[in-house]
Q: 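Following this message is one structure expressed as structure tokens.
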There are 2 protein chains.
Amino acid sequence: MILSKSCEYAIRATVYVALKSRKNEKTGIIEVAEAIGSPMHFTGKILQTLVRKKILSSAKGPTGGFYVENGQDLFLIDIVRAIDGNGLFTSCVLGLESCSETQPCPMHEQVKPIRDLLMAEFSKKPVTGLVEEFQQHKYFLK
Amino acid sequence: MILSKSCEYAIRATVYVALKSRKNEKTGIIEVAEAIGSPMHFTGKILQTLVRKKILSSAKGPTGGFYVENGQDLFLIDIVRAIDGNGLFTSCVLGLESCSETQPCPMHEQVKPIRDLLMAEFSKKPVTGLVEEFQQHKYFLK
DNA sequence: ATAATAAAAGATAAATTTATCTTTTATTAT
DNA sequence: ATAATAAAAGATAAATTTATCTTTTATTAT
């Protein structure tokens, strides 16, 4: 596990909502959960966090649902940060509080560039890219 | 978090036990836990797993304790595998069951080499290296 | 104004990981 | 044989993550 299960759901949910938003459609929790194979209530919680963190937007009421704002420039890293925070990229792989750049643990030098690589890959993956590949049936969301 | 907390403890415990083994000394749970700053009973559990997985050896009784067998060629990856398994290197970063080499998710191609890099770094780090750096006070274990 | 809809929020529960406690088993020294 | 020691094993508890349920709030359509 690199990412938490919540984060995995969040990514897939965002892709699905973004795809629907291209057709100017808002998506409800039930449909999102069904689409990504996750528990409905829990998905609702995650979607709420994404709204709070400005990744997604939402509307209440009979014409409500979740959507991506037009012109929103989202990258995979934004979702990862919104749900899991920065721990993946910053905490010591040996679990040492004292580990830092100035006082590195024995694996710091080897692991840091790998983490930076991972962050770089997440940072350059636009959500629109994930949406397009999904639309072309290159992968599923469950 | 790349590794679980249990795994972080396991690595540090192994380093400490290995250092003591160089002086032909066995180490008890209480001392290990104190040295690595972890809860004693939980540390005992982790050490037991390490024994079961043949990373460490143990002896009961008044002269008992944990130790590393002479000639044991340990690498960081051995500990990681013993405690956390292979999930870190194999499961899909988007959490998709259907993701595989033949049916890759959109991040598969970017993430797989990074994971392989990580596995490679863990695979080439001997525990003896970690022990030596610890002995030279290059880092602490808590 | 009311009813229906859907998100938001709060509460509760289950599963999992981490942590703590107690008893049993094995070994050594006397 | 007995006492002491330390790991091993099993049980229990607490913390955290994942999952489920209920109520409240906000919005639209009638």
Side-chain angles (χ1 to χ4, degrees), chain A residues 1-14 17 20-21 25-34 36-69 82-85 87-88 91 95 142, chain B residues 1-14 17 20-21 25-34 36-69 82-85 87-88 91 95 142:
Chain A
M1 298 310 125
I2 288 185
L3 303 173
S4 71
K5 196 145 185 195
S6 299
C7 192
E8 290 170 355
Y9 283 147
I11 294 165
R12 285 144 58 197
T14 301
V17 168
K20 293 289 293 289
S21 295
E25 289 172 21
K26 295 194 204 55
T27 319
I29 295 175
I30 298 176
E31 188 181 341
V32 174
E34 167 60 36
I36 68 172
S38 65
M40 185 181 74
H41 295 289
F42 190 48
T43 306
K45 288 286 179 196
I46 293 167
L47 288 166
Q48 272 171 52
T49 301
L50 290 173
V51 169
R52 221 176 291 126
K53 298 289 176 80
K54 307 286 199 283
I55 307 287
L56 296 181
S57 299
S58 66
K60 289 188 187 183
T63 60
F66 295 89
Y67 59 100
V68 175
E69 294 273 11
I83 304 291
D84 279 356
L88 173 60
S91 57
K142 19 182 162 189
Chain B
M1 297 311 121
I2 288 185
L3 303 173
S4 72
K5 197 144 185 196
S6 298
C7 193
E8 291 170 356
Y9 282 148
I11 294 165
R12 285 146 54 199
T14 302
V17 169
K20 293 289 293 293
S21 295
E25 289 171 19
K26 298 195 206 53
T27 320
I29 295 175
I30 298 176
E31 187 180 343
V32 174
E34 167 59 36
I36 70 172
S38 66
M40 186 180 73
H41 294 289
F42 189 48
T43 307
K45 288 289 177 186
I46 293 167
L47 288 166
Q48 272 171 54
T49 301
L50 291 173
V51 169
R52 219 177 288 128
K53 298 288 176 81
K54 309 283 198 286
I55 306 289
L56 296 180
S57 300
S58 67
K60 290 189 190 184
T63 58
F66 294 89
Y67 59 99
V68 175
E69 295 274 11
I83 304 294
D84 279 355
L88 173 60
S91 57
K142 27 180 157 190

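Here is the naming used below: chain letters follow the sequence lines, and residue numbers restart at 1 for every chain.
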Q: Taking only the side-chain heavy atoms of K45(A) (C-beta and beyond), determine which of dT20(C), dT5(C), dA9(C) contains the nearest atom.
A: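 The listed nucleotide nearest to K45(A)'s side chain is dA9(C).
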Q: Between SG of C7(A) and CD1 of I2(A), what distance do you get to the nearest 0.5 Å?
A: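 It comes to 11.0 Å.
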Q: Verify the contact: side-chain N or O of Y9(B) to OP1 or OP2 of dT18(C), cut-off strictly under 4.0 Å; return yes or no.
A: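 Checking dT18(C) against Y9(B), no side-chain N or O comes under 4.0 Å of OP1 or OP2.
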Q: Just checking I29(A): base, sugar-phosphate only, or nothing, at a heavy-atom cut-off of under 4.0 Å?
A: sugar-phosphate
Q: Salt bridge or not between E34(A) and K142(A)? Use side-chain N to carboxylate O under 4.0 Å.
A: yes
Q: Please compare F66(B) and P62(B) by the position of their nearest nucleotide in DNA chain D and report the one closer to 5'.
A: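 Of the two residues, P62(B) wins.
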Q: Could you tell me whether T43(A) contacts a base, only the sugar-phosphate backbone, or nothing, with contacts defined as non-hydrogen atoms closer than 4.0 Å?
A: nothing
Q: Between dA8(D), dT20(D), dT28(D), which one does the side chain of S58(B) approach most closely?
A: dA8(D)
Q: Just checking G44(A): base, sugar-phosphate only, or nothing, at a heavy-atom cut-off of under 4.0 Å?
A: nothing
Q: Sub-3.5 Å donor-acceptor pair from the side chain of K53(A) to the main-chain atoms of A82(A), do we have one?
A: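 At least one qualifying donor-acceptor pair exists.
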Q: Between N or O atoms, less than 3.5 Å apart, protein on one side and nucleotides 22-25 of chain D on the other: list the pairs.
A:
residue : atom : partner : partner atom : Å
dT25(D) : O2   : K60(A)  : NZ           : 3.1

Q: Nearest whole angstrom, please: distance from the C1' of dA4(C) to the CD1 of I30(A).
A: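 From I30(A) CD1 to dA4(C) C1': 14 Å.
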Q: What integer distance in Å separates F42(B):CZ from dA7(D):P?
A: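 Spelled out: CZ on F42(B) to P on dA7(D) is 17 Å.
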Q: Using a heavy-atom cut-off of under 4.0 Å over every strand shown, decide if S6(B) touches base, sugar-phosphate, or nothing.
A: sugar-phosphate
Q: Return one dot-bracket line describing DNA chain C 5' to 3' (Watson-Crick or G-U wobble pairs, both distances under 3.5 Å; ( ) same strand, [ ] crossing, | another strand, . none).
A: ||||||||||||||||||||||||||||||
Q: Using whole Å, what does the distance between atom C1' of nucleotide dT17(D) and atom CD1 of I83(A) come to?
A: 13 Å
Q: Provide the closest heavy-atom pair for S21(B) versus V68(B) in the form atom of the first, atom of the second, distance.
A: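 Closest pair (atom of S21(B), atom of V68(B), distance): OG-N, 2.9 Å.
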Q: Select from M40(B) and G64(A) the residue whose nearest nucleotide in DNA chain C is closer to the 5' end of that strand.
A: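 Counting from the 5' end, the first nearest nucleotide belongs to G64(A).
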Q: Which atom names give the shortest non-hydrogen contact between V51(A) and S57(A), and what distance separates them?
A: CG2-C, 4.1 Å
Q: Please give, in whole Å, the distance from dT20(D) P to Q48(A) CD?
A: 16 Å
Q: Given atom CD of E31(A) and atom P of dA6(C), what is their separation to the nearest angstrom?
A: 11 Å
Q: Once rounded to the nearest 0.5 Å, what's the spacing between atom OG1 of T14(A) and atom CG of L56(A)?
A: 4.5 Å
Q: Counting only side-chain heavy atoms from C-beta out, which of dA4(C), dT28(C), dA7(C) sits nearest to T63(B)?
A: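 The answer is dT28(C).
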Q: Rounded to the nearest 0.5 Å, how far apart are CZ of F66(A) and CG of L47(A)?
A: 4.5 Å
Q: Pick base, sugar-phosphate or nothing for S57(B), based on heavy-atom distances below 4.0 Å to the nucleic acid.
A: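 The answer is nothing, as S57(B) stays clear of every strand by at least 4.0 Å.
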Q: Atom CE of M1(B) to atom C1' of dT17(D): distance rounded to whole Å?
A: 14 Å
Q: Nearest 0.5 Å, what's the OG-CD distance between S4(B) and E8(B)?
A: 7.0 Å
Q: In whole angstrom, give the distance that lies between atom CD1 of I46(B) and atom P of dT20(C).
A: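 Rounding to the nearest Å, CD1 of I46(B) and P of dT20(C) are 11 Å apart.
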Q: Counting only side-chain N and O atoms of K5(A), is one of them less than 4.0 Å from OP1 or OP2 of dA19(D)?
A: yes
Q: Which atom pair, heavy atoms only, marks the closest approach of A33(B) to T43(B)?
A: CB-OG1, 3.8 Å
Q: Atom NZ of K26(B) to atom C1' of dA8(D): distance rounded to whole Å?
A: 17 Å
Q: Please report the closest heavy-atom contact between Y67(B) and V17(B), naming both atoms and the distance.
A: CA-CG1, 3.5 Å
